[in-house]
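The structure appears right after this line, and notes come after that.
Every chain is numbered from 1 and lettered A, B, ... according to where its sequence line falls, protein lines coming before strand lines. Values reported hereafter were calculated over all heavy atoms of this structure, with side chains retained and with hydrogens, waters and symmetry mates removed.
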Amino acid sequence: MSSNAMTVKDVVKAGLWTEIPVLRLILGMCPTLAVTTAVKPALTMGLSVMFVLICSNIMVSLIRNLLKPHLRILMFTLTIATFVTIADMFLKAFMPKMSEALGPYVPLIIVNCIIIARAEACASKCGILVSAVDAICMGIGFTVVLCILASIREVLATGTILGIMVMPKSFVPLAAMQMPVGAFITLGLILGLVNFLTAKKA
Amino acid sequence: MLKAIRYYIEQSWLLIVSAFFFGLLLAVTNAAWSGKIENNKTEKLSGLMKSLITDAEKFEIVLKDTQIDLGKGKKTKTDIYKALTAEKSDAGFCFNAEGTGFAGKIELVIAIDKTCTKVVGFNVLTSNETPGFGDKIARSFYNDQYKGAPVGLLNLSKSGDDKKIDDEIIAISGATVSSTGVVNIFNNYLQQIKTHLLEKGLIQNVQ
C-alpha cells in the first residue's frame with residue numbers, strides 16, 4: 001500500500017485484513033506466542049498494545065513535520081517507551097494479578113515491531129485522523145488474532161474459555177497446548193488457513 | 001564555539017523537549033498511581049508471609065529499615081516482621097530480600113523460624129526471570145530445598161540430591177544465573193538478619 005496516499009478506508013482495510021499484523025506481516029510474534037495460553041492475558045496484552053499504538057501514532061503524527069531523519073527512531077522509541085511504562089503502571093495499580101501473569105511481556109511491548117512499524121510507515125507520514133484510525137484498526141486486528149489463538153489453546157488445554165467450562169466432562173485436556181509447542185502448532189495452522197483462503201481468492 | 005552550540009540545539013531540541021515532556025508525564029502518572037501500586041505490593045507481601053508461616057495470625061514489624069550490606073559498596077534497607085500466632089506466641093520472622101537474577105531484580109519474601117536457626121521457606125515477590133527457565137525459582141522442586149535449610153552460608157551445586165535438606169542447593173537446569181541469584185540473596189541476608197535480631201535481643205544465641 002502506498003504510504004503517500006493513505007486514506008481512512010485504506011488503513012481500515014489494511015489493519016483489519018490485508019496487513020493484519022500477526023497473520024499477514026508476521027509481526028509481534030513474541031507476545032503472540034507467549035501470552036496466548038488463555039484468553040484473559042491475550043485480551044489484556046492486545047488492549048495494552050492498542051493503547052500504546054494509539055498514543056504513539058497520535059504523538060508521532062503530531063510531531064511528524066519536526067522529525068529529523070537521524071532522530072526518527074530515537075523519538076519513536078522515547079514515545080513508545082513512555083506509553084508502555086504508563087500501561088505497565090496501570091496494570092500494576094489496577095490489575096496486579098494480570099500484571100504478574102503477563103510478567104516481562106508488558107515492558108517488552110517497547111520492542112514490539114508492530115508499534116515501531118506503524119510509527120514509521122503511517123504516523124510519520126499521515127495526519128492525526130488517519131494515524132489514529134490506523135492504530136485502532138491495527139490494534140483490533142492484533143487483539144482479535146491473539147484472542148482467537150488463545151481461545152483455541154485454552155479450550156484444548158483446559159476445556160475452558162475465560163475460565164468457563166465449555167467442553168463435556170469426557171474431554172481429555174491436551175497439556176501440550178499450553179506449552180510453546182501448542183502456540184507454534186496453532187499459529188502455523190491459522191497462518192496456513194489464511195494463506196489458503198487468500199490464495200484461493202487471488 | 002557558539003556556532004557549534006547552536007548547531008547542537010538545532011539538531012536536538014525536539015529530543016530534549018520531548019524527554020522533558022515525557023518525563024513530566026511519567027512523574028505525574030507515578031505520583032497518581034504509586035500509592036496504589038505500593039498498597040497492592042503490601043497486600044501481596046502479607047499474603048505471601050501468611051502462606052509461609054501458616055500458623056501465624058498476624059505480622060508486626062519488629063525492626064524497621066534494617067540496613068543490609070549487599071557487598072561491592074551496595075547497601076539496602078528492609079523491614080523485619082515477627083509472626084504471631086492467635087495465642088500471641090512467636091511463630092518466626094519474615095523479611096523482604098532483593099538481589100540480581102538473570103533478567104534484573106529478584107525480590108523474595110523469606111521466612112525463618114523463631115530461633116533463627118532454620119529457613120522456613122521463601123516466596124517470590126517480583127521477578128522478571130525468563131519464563132520456562134529462571135521463573136522456575138518459584139516452583140516447588142527448587143523452592144522446597146530451602147525449607148529447613150540452616151541459617152548460614154548456602155552453596156549452589158549443579159548436581160546432587162534436591163530432596164536432601166542441607167546447605168547444598170541444587171541449581172535449576174538451564175537457569176544457573178537465576179539459581180545463583182537466589183542463593184546470593186540468602187547468603188547476603190540471613191547472617192545479617194540474624195545479627196540484627198541478636199543485637200536487639202529478639203532471639204537467643206544458641207550455638
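- Within a 6.0 Å radius of CZ in A/Phe171, more than 12 heavy atoms belonging to other residues, nucleotides or ligands are found.
- Atom NZ of B/Lys58 has 12 or fewer heavy atoms from other residues, nucleotides or ligands within 6.0 Å.
- Going from atom CG of A/Leu91 over to atom CD1 of B/Ile37 covers 10.0 Å, rounded to the nearest 0.5 Å.
- For B/Ser12, the part lying near chain A is the backbone, with the side chain staying farther off; criterion is any non-hydrogen pair under 4.5 Å.
- When the shell of 6.0 Å around CZ of A/Phe184 is examined, it contains 12 or fewer heavy atoms from other residues, nucleotides or ligands.
- The shortest non-hydrogen separation linking B/Ser18 to A/Leu78 is CB-CD2, 3.9 Å.
- With sequence neighbours left out, the ring pair (Phe, Tyr, Trp, His ring centres under 6.0 Å) criterion links A/Phe83 to no other residue.
- With a threshold of 4.5 angstrom between heavy atoms, A/Lys92 approaches chain B through its backbone and through its side chain.
- Using a distance-only test at 3.5 Å, with no hydrogens or angles considered, a donor-acceptor pair links the side chain of B/Asn40 to the main chain of A/Ala93.
- Using a 4.5 Å cut-off between heavy atoms, B/Gln11 touches chain A through backbone and side chain atoms alike.
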Side chain to side chain contact (heavy atoms under 4.5 Å, CB included) evaluation trace for A/Met59 with B/Phe22: CA-CA 11 Å; A/Met59 190 57 82; B/Phe22 289 134; 3.8 Å; yes
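- Under a cut-off of 6.0 angstrom, the local environment of CZ in B/Phe59 is crowded, with over 12 non-hydrogen atoms contributed by other residues, nucleotides or ligands.
- You'll find the side chain of B/Leu15 reaches within 4.5 Å of the side chain of A/Met75, heavy atoms only.
- For A/Leu71, the part lying near chain B is the side chain, with the backbone staying farther off; criterion is any non-hydrogen pair under 4.5 Å.
- Taken to the nearest 0.5 Å, the OG1 atom of A/Thr82 stands 5.0 Å off from the CG atom of B/Leu26.
- In this structure, chain B has no heavy atom under 4.5 Å from any part of A/Ser99.
- Within the 4.5 angstrom heavy-atom criterion, atoms from both the backbone and the side chain of B/Asn30 approach chain A.
- Contacts of B/Lys44 with chain A are made by side-chain atoms alone, with heavy-atom separations under 4.5 Å and no backbone atom involved.
- With rounding to the nearest 0.5 angstrom, the CH2 atom of B/Trp33 is 7.0 Å from the CD1 atom of A/Ile86.
- Interface remark: A/Met179 contributes no atoms to any contact with chain B (heavy atom separation under 4.5 Å).
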